[in-house]
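Scroll down for the structure; my scribbles are underneath it.
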Amino acid sequence: MSDVRIDDLPVRDELRGKSPYGAPQLDVPVRLNTNENPYPLPEPLVERIAERVREAARDLNRYPDRDAVELRTQLAKYLTDTSGYQVGLANVWAANGSNEVIQQLLQTFGGPGRTAIGFEPSYSMHGLIARGTGTGWISGPRGDDFSIDLAAAEKAIAENRPDVVFVTTPNNPTGNAVPRETVLALYDAAQAAKPSMVVVDEAYIEFSHGDSLLPLLQGRPNLVISRTMSKAFGAAGLRLGYLAAHPAVVDAVQLVRLPYHLSAVTQATALAALEHTGTLLGYVEQLKAERDRLVTELRATGYEVVESDANFVQFGRFEDAHTAWRKILDHGVLVRDNGIPGWLRVSAGTPEENDAFLDAVRALKKEQSS
Ligand SMILES: Cc1ncc(COP(=O)(O)O)c(C=O)c1O
């Protein structure tokens with residue numbers, strides 16, 4: 001059997017020769033490569049999850065609430081409380097991670113014969129999910145400083161007339177935020193060109209110095225804000241992402257979502273986590289302080305750093321980023337090589353993890369300058 005490979009199967013042409021997405025899951029003492037929250041869930045929340053899941057377990061003979069009404073109501077409350085912009089149940093949709101939210105959006109607004117654009121380097125799953133949904137992918141430009149060059153981006157939208165425009169802010173892997181005015185201009189450009197859906201991926205917004213772009217939803221039915229509980233809520237293992245948009249967008253994604261896609265266990269767990277929002281956002285403040293410390297210390301050591309509004313920092317420049325990645329790994333610290341020439345990315349960990357990382361990069365600097 002092992003002599004049969006993917007490409008020997010009658011797979012779709014666009015999947016031939018491709019490899020699956022995935023950061024290395026190496027067993028090393030300090031793992032700072034996937035932008036996870038380093039703090040385990042607090043014990044009272046673990047207890048509450050157990051309680052809620054126990055209750056849900058009694059009904060597991062039944063399908064879960066297909067519309068996840070209680071969960072969406074609580075997510076809407078969280079968004080309203082933290083942004084001051086009023087959203088309700090009808091504006092919010094949830095799925096298994098924001099990756100699934102993005103997949104549902106591309107199934108709804110992309111697909112064969114349609115295209116989506118992102119400004120790269122950015123979150124590579126946007127392009128991969130586009131491919132998986134048969135949506136053509138257009139790699140839009142970014143400037144040398146990794147900001148979105150508005151004139152170049154507007155030109156790319158006007159020329160390509162994409163059906164879906166992705167704007168990731170704060171951007172992954174570079175960490176920088178996209179100014180509100182740029183997002184507004186891109187939205188206008190996308191409407192003039194097609195009109196198209198604009199998906200603002202705010203996976204890291206809780207770590208930002210600035211505010212969520214949620215209020216931009218007012219009067220913009222083709223705008224979607226995508227969010228996740230994987231980062232700020234420290235619940236990457238939960239797999240819970242969500243979007244906020246005009247109710248018509250929420251209705252539209254119903255056309256493609258699988259029935260009962262969010263298990264009763266997932267809904268119960270997410271609801272428990274939302275009861276502990278205050279505590280979890282406290283960790284976010286600690287992580288923001290640690291992120292700022294990483295920026296300061298990296299600069300003091302002589303590295304270049306992209307201004308970060310996220311829970312990670314892109315730093316460089318290296319003649320050979322992959323060799324630098326390996327040397328940092330030799331110190332027991334796993335960071336991320338996203339294949340951007342000259343740059344690596346480190347996620348903010350606990351103070352002890354960050355100290356280990358800083359020791360490793362200081363040693364690397366010393367070695368390089370001797
Ligand atoms: C920009 C961005 N969007 C979405 C995601 C996916 O998050 P989730 O765990 O909610 O699928 C990530 C994960 O790293 C991300 O970096």
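Because only heavy atoms are used, hydrogens play no part in the values below, and waters and symmetry mates are left out as well, while side chains stay in. Atoms within each ligand, like the ligands themselves, are counted from 1 in listed order. Everything quoted here is computed from the prediction, not taken from an experiment. We count residues from 1, following the sequence as given.
Here's the thing with Thr168: none of its N/O atoms is less than 3.5 angstrom from an N/O atom of ligand 1. Any N or O atom pair closer than 3.5 Å counts here, and Asp201 shares at least one such pair with ligand 1.
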Q) Does the pair Asn176 and Glu307 meet the rule for a side-chain hydrogen bond (donor to acceptor under 3.5 Å, both in side chains), with working shown? A) CA-CA 6 Å; Asn176 51 328; Glu307 210 55 63; over 6 Å; no

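Here the rule is side-chain hydrogen bond (donor to acceptor under 3.5 Å, both in side chains) with Tyr204, and of Asn311, Asn35, Thr168 only Asn35 fits it.
Using a 4.0 Å cut-off between heavy atoms, Asn172 contacts ligand 1 through its side chain alone, with no backbone atom that close.
Arg345 forms a cation-pi arrangement with Phe312, by the criterion of a distance under 6.0 Å to the ring centre and an angle within 45° of the ring axis. For the pair Lys365 and Tyr303, the cation-pi test (distance below 6.0 Å, angle within 45°) is passed.
Closest to atom 13 (C) of ligand 1 by heavy atom, among Arg239, Lys231, Met125, is Lys231.
Of all protein heavy atoms, the one closest to atom 12 (C) of ligand 1 is Tyr123 CZ, 3.4 Å. Taking atom 7 (O) of ligand 1 as the reference point, the nearest protein heavy-atom neighbour is Ser98 OG, 3.1 Å.
Proximity to Ser230 (heavy-atom distance under 4.0 Å) selects the following atoms of ligand 1: 8 (P), 9 (O), 10 (O). In the vicinity of Tyr204, heavy-atom distances shorter than 4.0 Å reach the ligand 1 atoms 1 (C), 13 (C), 14 (O), 15 (C), 16 (O).
Side chains of Gln314 and Ser308: no donor on one and acceptor on the other come within 3.5 Å. A donor-acceptor pair shorter than 3.5 Å can be found between the side chains of Glu36 and Thr34.
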